[in-house]
**Student:** 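Before anything else, here's the structure in question.
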Amino acid sequence: MIDLLLILVVLTNLKLLGASRLGASIRTVAAQGVVLGLLPLVTHPHPLSIRILELAAGSVIIKGFLIPGLLFRAVREVDVSREIEPLVGYITSLLFGLAALGLSVWFGAKLPLPMGALSSWLVPVSFFCIISGFFLIVARKRAVTQVLGFLVLENGIYTFGVGAMQEVSPLVEAGVLLDVLVAVFIMGIIIFHISREFEHIETDRLSTLKD
Amino acid sequence: MILTLILMPVVAAIALFASRSRAASRVLPLGCALAHLALSVACWRQAPAPALGGWLVLDPIGKLFLLVISVVFFMGAIYAAGFPGTQAPPRNDPSAASDSFQSEPIFNGCLLMLLGTMTLVTASQHLGLLWVAIEGTTLASTPLIYLRRDSRSLEATWKYLLICSVGIALALLGNFFLEVAAAKADGVPNHSMVLSEVLSGAAHFDKTWVKAAFILLLIGYGTKMGLAPMHTWLPDAYSESPSPAAPLLSGALINCAFIGVLRAQQVCAAAGLAPFGEEAILALGLLSMAVAAVFILGQTDYKRLLAYSSVENVGIMAVGLGLGGAGAFGSLLHAVNHSFAKAMLFFIAGNLLFVYQTRAIAQVRGLLHRLPFSGVLWLTGFLAITGTPPFGTFVSEFSILKSAVDQGRLWVAAMFLGLLGVIFIGMATAFLGMAQGEAEKETRTRLSWMNLAPPLGLGALVLTLGLYLPPSLTQVLRSAAQSLGGL
C-alpha cells in the first residue's frame, strides 16, 4: 500500500516534468498533495488515532485543494496563455527526470533509514521529489511553475519526514503546513501583480536588478 | 512573559489587518514597540519562566538577540511613524499614491507580525518550532519589500520569497535528518527536538547523519542570513525595500537567521563534530567577505552598497563563529554591533533617498552642506560599520582577529584583515564622495526629529559598546559563547 502511494508520487512527478499545460500541472500537484496526505494513514502503526486523522485531513485539504485553488485563481485572474513555455524542453526534462530517479535510488541505497523503514522506496522517492522540485524551479519560466516546483520540493521533504519518524509534534506539523499555505498565498498575490506589471508571468524578464 | 512578548505584536497585527484603521495604524506599532522593549529589558533583569512545556525558553543567545531586535524595532517604529516616505509616493510616480497610502495599515501590521515572529525565533528551544518561526519571519517581511508596488520591488520580492523559502525548506530537511541521526543511535524512533535534550543526547547520534543535517541547516539558514554564495536575493531585497523596512531586515532579521546557524553549530559541537562545523562556517564566512569586497568596490548605488556591507558583516560573524572560542564571543558581539550600525546607516539612507530622490552615489554630493545633521551621522555610521576605533565594531572585529592569531591560523587572519582593508577603501570612496563637494541646491531640507533620533540613538549605542561593555552584557555574551562550545 505504501509502495503504491509512493509510485503514484513518482508518476505525478514525471507527469509534471512532461506536462505542457499549466492547468494540468496544477491538477497534478494537487493529486500529489492528496496522495501524500494519505501517506501517514498507511505508514503509521495506529492509523486511526485522532492525531493522524487530523494530520491527514489537514494535508489533503491544504495540499490537495486550498493551495491548488489559490494557484488556479491566480492563473485565471491573469488570464495568461496556458502553455508552460519551458527553458528546457519536455523530452529533455523527462530524460532528466529518469536520470534523477536513478540517482535517487542509488542515493537511497547509500543512506538507509534506521529502524527498518516501512518501505525502502521512501528515501529515493523523497529525494526524487526534491530534485524534481529544484529542476522545475530552475528550468521553467513561469512564476506559477516555479511555485509548483517549490511545492514539489516541499512535498519531497514532507515524504521524508513522514517516513523517517512516527511522531512529529502536532504544533510543528501545523506550523509547517500553515507556513507553506501562507507562502503560496503570498506568491499567488505576487503572481497577480507580476502579470499586471509586465503583462505576463515569466520570471526571466525579472532581470532588472543586478550588479 | 515570553508568551506575552510573542502574542502582543501578533494580536496587534491581526487587529490592524482586520480593522484597516489608520488611526490604530499610527499608534499600535509605537505602543507595541515600547511595551516590547520594556518587557525585553525586564527579561534581562529577571529570567522569564519557560513556556509551552520548555519549548519557549530564553537562553543567553535568545536573551541577547531579543534585546537587540527589540531596540532596533523600537527605533524602526519611531522612524516609520515620522517617515514621509511611508505615506507619500515618490514624486515622479503619482499613480502609486493611492496604493501605498491605503496599504499603510497593512505595512504596519506586517511590521508587527515580523516583530512577533522574530521574538518567537529568539525564544524557540524546539528545533521544529524554530524552523516554523524563521519561515514565519520570511513571510511577514515579504509584503514589506513590496510596499512600493513597482516592477523593481516586485522582482526583489519574488527573488526574496522564492530563494529564502527554498533555502529554509532545506533547513526543514536538515531537522528531519537530525531526527534520523538521533533515531539511528538507539533505534527509538521518537526523539524530542527540544534543544537541551538534543544537546544532551547528541554525543551518541549517528555522525554521518549529523554532518548531513548540519550542512542542510547551514545552507538553509545561511541563505536567510545572506551568506555567500546564497546571498543573491539580499542586495535586491535590501535596496528595493522601503526606507523604514530595510533597517529592520538588516538590523534585526539577520540575527534570526544567525540564531538558526548558531543552533546548528551547538548541535554539531555537542555531537563532537565542532571542528567540522567550524570549518564549513569559516569557509562560507571568508567567501562572503570576498564576494562583498568585489561588489562594494565600484558600487554605484548606496543602498546596494549597504546591502553588500551586510553580506560582509555576516561573513565576519561567520568567521568569528568558525574560529570558535574567543572568536565566537567576538562573533556574537559583532552581531550586536552590526545590527545597530547597519540599521543606523539604512535609516540615514532613507533620509537621503527622501531628500535627493536618487540612490545613485554619484548624484549625491555636498551632503554635509545640504543635510548637515544626517551628513555627520552618515560619516559616523561609515566609521562605525568599517570597524574604526573607538566604535564597538572595532572591539568585535579585533577580538575575532586576535582569536585567529592566537590559534596560529595566520592565513585566516591575513585574509580577514586584507578583505576588511579592501572594503574600507571601497566604502570610504563612496561615503566621502557623497559627504563632500558642492551641494547642487543650497537649500537645507529639514527632517523631522523622528527621522534623526533613531540613527543618532543607534550610533550612540555602537559608540558606547566600543568604550564600555556593561558587565551584564559581557556575562550574557560569555555564557552564549560557552553554549557554543567556546571559551
Side-chain angles (χ1 to χ4, degrees), chain A residues 45 110-117 123 126-127 130 133-134 137 143 146-147 149-150 153-154 156-169 171-187 189-191 193-194 196-198 203 205-211, chain B residues 52 55 126-129 131-133 135-136 138-140 142-143 146 149-152 154-159 161-162 165-166 168-170 172-173 175-177 179-181 183-193 206 208-209 212 232 235-236 239-240 294-295 298-301 304 308:
Chain A
K110 287 249 161 198
L111 280 177
L113 281 179
M115 65 254 169
V123 181
S126 78
F127 283 154
I130 293 170
F134 265 119
I137 293 174
Q146 292 187 331
V147 179
F150 168 67
L153 176 85
E154 193 79 44
I157 293 168
Y158 173 91
T159 311
F160 187 90
V162 169
M165 58 213 67
Q166 314 288 304
E167 297 276 349
V168 180
S169 65
L171 186 61
V172 171
E173 267 162 15
V176 171
L177 275 175
L178 190 70
D179 273 350
V180 174
L181 179 65
V182 177
V184 173
F185 176 69
I186 299 178
M187 285 173 183
I189 294 176
I190 303 176
I191 287 171
H193 282 275
I194 292 180
R196 208 180 53 178
E197 191 72 38
F198 297 92
T203 50
R205 300 220 200 140
L206 293 179
S207 54
T208 332
L209 302 178
K210 57 186 166 204
D211 285 289
Chain B
L52 285 184
W55 283 32
H126 186 282
L127 293 174
L129 189 63
W131 184 90
V132 171
E135 173 67 6
T138 311
L139 299 174
T142 306
Y146 185 45
R149 308 212 170 183
D150 55 14
S151 57
R152 294 172 62 91
L154 198 56
E155 182 182 337
T157 313
W158 183 254
K159 280 186 190 167
L161 183 56
L162 198 68
S165 293
V166 168
I168 295 175
L170 291 182
L172 181 62
L173 189 62
N175 278 339
F176 288 151
F177 273 29
E179 196 124 353
V180 173
K184 197 143 184 176
D186 49 13
V188 184
N190 300 317
H191 279 266
S192 158
M193 291 302 273
D206 182 85
T208 319
W209 283 91
T232 46
D236 298 344
S239 63
E240 293 304 322
V294 169
F295 285 98
Q299 182 56 249
T300 54
D301 176 329
R304 288 183 86 84
Y308 278 111

**Student:** Roughly how far, to the nearest 0.5 Å, is the CD1 atom of A/Ile190 from the CG atom of B/Leu154?
**Tutor:** 7.0 Å
**Student:** With only heavy atoms counted, which part of B/Tyr308 is less than 4.5 Å from chain A, the side chain, the backbone, both or neither?
**Tutor:** side chain
**Student:** Is any side-chain heavy atom of A/Ile186 closer than 4.5 Å to one of B/Thr157?
**Tutor:** no
**Student:** Using a cut-off of under 4.5 Å on heavy-atom pairs, state which of A/Tyr158, A/Phe134, A/Phe160 scores highest against chain B.
**Tutor:** A/Phe160
**Student:** Among B/Ala133, B/Pro235, B/Ala169, who wins on heavy-atom pairs under 4.5 Å with chain A?
**Tutor:** B/Ala169
**Student:** Of all heavy-atom pairs between B/Ser165 and A/Phe150, which one has the smallest distance, and what is that distance?
**Tutor:** CB-CE1, 3.6 Å
**Student:** Determine the option with the most heavy-atom pairs under 4.5 angstrom with chain B, choosing from A/Gln146, A/Glu154, A/Met187.
**Tutor:** A/Met187
**Student:** Of the backbone (N, CA, C, O) and the side chain (C-beta and beyond), which part of A/Leu178 lies under 4.5 Å from a heavy atom of chain B, both, or neither?
**Tutor:** neither
**Student:** Given that the side chain runs from C-beta out, which part of A/Ile130 has a heavy atom under 4.5 Å from chain B: side chain, backbone, both or neither?
**Tutor:** side chain
**Student:** Which bit of A/Leu153 comes within less than 4.5 Å of chain B, counting heavy atoms only: side chain, backbone, both or neither?
**Tutor:** side chain
**Student:** Against chain A, label B/Leu170 side chain, backbone, both or neither, depending on which of its atoms sit under 4.5 Å from a heavy atom there.
**Tutor:** both
**Student:** Does any non-hydrogen side-chain atom of A/Asp179 lie less than 4.5 Å from one of B/Trp131?
**Tutor:** yes
**Student:** Is it the side chain or the backbone of B/Ala156 that comes within 4.5 Å of chain A heavy atoms, both, or neither?
**Tutor:** both
